[in-house]
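If you read the sequence from its start, that first residue is 1, and numbering goes on from there.
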Amino acid sequence: QVQLVESGGGVVQAGGSLRLSCAASGRTFSSSAMGWFRQAPGKEREFVARIEYRAGSTLYADTVKGRFTISRDNAKNTVYLQMNSLKPEDTAVYYCAASGANYISTRHQDYDSWGQGTQVTVSS
């Protein structure tokens, strides 16, 4: 099992930036990739971005491509999500997740471990 703790959420005006962090502990070697998802009130959890542990390959949702950047520091077992040019529609609880799957997936069902979430609110 992998334990994940997110931090860095908050309130920001539209056009602003935030950086989320996700610290992993436990059986981190069992994970092949880390992802960020978000869930707004009344909506389903949606994929935001993912990064592979070894190759560092990244994948983004179309809604955040060009504005968000996912990165990792393997020595610190930490994954980051830099969010720029934030929009009110980015408001959601953001979750960090770990996947042990040996294939690329944007489905939340393919992620085994989850953090508690961190709130991001973008005001207009």
Side-chain angles (χ1 to χ4, degrees):
Q1 190 74 7
V2 179
Q3 291 77 46
L4 303 171
V5 178
E6 303 99 334
S7 61
V11 180
V12 64
Q13 288 190 332
S17 299
L18 281 174
R19 189 177 83 154
L20 305 183
S21 299
C22 174
S25 61
R27 296 172 57 90
T28 56
F29 57 85
S30 65
S31 299
S32 60
M34 298 289 291
W36 285 97
F37 290 76
R38 66 187 182 185
Q39 189 166 17
K43 295 189 176 181
E44 293 188 357
R45 190 166 298 190
E46 65 172 357
F47 169 77
V48 174
R50 68 171 261 144
I51 186 166
E52 295 184 11
Y53 260 131
R54 295 183 64 182
S57 303
T58 58
L59 182 66
Y60 296 93
D62 288 342
T63 52
V64 307
K65 199 174 296 183
R67 299 188 298 122
F68 291 11
T69 302
I70 189 171
S71 62
R72 78 204 191 290
D73 184 333
N74 287 354
K76 295 182 178 179
N77 283 332
T78 300
V79 175
Y80 305 96
L81 185 69
Q82 178 66 44
M83 306 185 294
N84 299 328
S85 302
L86 283 161
K87 305 175 182 180
E89 51 263 43
D90 295 318
T91 295
V93 177
Y94 282 70
Y95 297 91
C96 175
S99 173
N102 59 359
Y103 51 87
I104 297 173
S105 176
T106 61
R107 300 180 344 130
H108 65 83
Q109 296 91 334
D110 291 326
Y111 289 74
D112 315 298
S113 301
W114 292 82
Q116 80 287 353
T118 185
Q119 177 70 47
V120 171
T121 302
V122 184
S123 62
S124 57

Stepwise side chain to side chain contact (heavy atoms under 4.5 Å, CB included) check, His108 with Glu46: CA-CA 8 Å; His108 65 83; Glu46 65 172 357; over 6 Å; no
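- For Glu44, the CD atom sits in a loose shell: 12 or fewer heavy atoms of surrounding residues, nucleotides or ligands are nearer than 6.0 Å.
- Panel note: side chain Ser99, backbone Asp110; a donor-acceptor pair is recorded below 3.5 Å.
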Derivation of the side-chain hydrogen bond (donor to acceptor under 3.5 Å, both in side chains) call for Asn84 and Ser17: CA-CA 4 Å; Asn84 299 328; Ser17 299; 2.9 Å; yes
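- Cluster annotation: Trp114 and Ile51 are assigned to distinct hydrophobic clusters (Ile/Leu/Val/Met/Phe/Trp/Tyr, side-chain heavy-atom contacts under 4.5 Å, transitive).
- Just one of Thr118, Asp90, Val120, Val93 meets the side chain to side chain contact (heavy atoms under 4.5 Å, CB included) condition when paired with Arg38; it is Asp90.
- Nearest heavy atom pair, residue Ala40 against residue Ala92, reads N-CB, 3.9 Å.
- A ring pair (Phe, Tyr, Trp, His ring centres under 6.0 Å) check over residues 71-102, counting only residues at least two apart or in different chains, returns nothing.
- The two residues Gly26 and Gln3 come nearest to each other via the heavy atoms CA-OE1, 3.5 Å.
- The CZ atom of Arg67 sits 7.0 Å away from the OG atom of Ser85 when rounded to the nearest 0.5 Å.
- Considering Leu20, Leu81, Val64, Leu59 in turn, Leu81 is the only one that fulfils the side chain to side chain contact (heavy atoms under 4.5 Å, CB included) rule with Ile70.
- Pairing each heavy atom of Ser21 with each of Trp36, the nearest pair is O-CH2, 3.7 Å.
- Shortest non-hydrogen contact noted between Cys22 and Met34 is SG-CE, 3.9 Å.
- In terms of heavy atoms, Gln1 sits closest to Ser113 at NE2-OG, 3.7 Å.
- When the shell of 6.0 Å around CD of Gln116 is examined, it contains more than 12 heavy atoms from other residues, nucleotides or ligands.
- Taking both residues in full, the closest heavy atoms of Leu4 and Ala24 are given as CD2-CB, 3.6 Å, listed atom of the first, atom of the second, then distance.
- A donor-acceptor contact shorter than 3.5 Å links the side chain of Glu6 to the backbone of Gly117.
- Contact check on Asp62 versus Lys65 returns a salt bridge, with a Lys/Arg side-chain nitrogen under 4.0 Å from an Asp/Glu carboxylate oxygen.
- Residues satisfying the ring pair (Phe, Tyr, Trp, His ring centres under 6.0 Å) criterion with Tyr111, sequence neighbours excluded, are Phe37.
- Taking CD of Gln109 as the start and CZ of Arg45 as the end, the distance is 10.5 Å to the nearest 0.5 Å.
- The backbone N or O of Lys76 lies less than 3.5 Å from a partner atom in the side chain of Asp73, making a donor-acceptor pair.
- A distance of 5.5 Å separates CD in Glu89 from NZ in Lys87, rounded to the nearest 0.5 Å.
- With sequence neighbours left out, the side-chain contact (heavy atoms from CB on, under 4.5 Å) criterion links Ser31 to Val2, Tyr53, Ala98.
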Pair Gln13-Leu86, side chain to side chain contact (heavy atoms under 4.5 Å, CB included): steps then yes or no: CA-CA 8 Å; Gln13 288 190 332; Leu86 283 161; over 6 Å; no
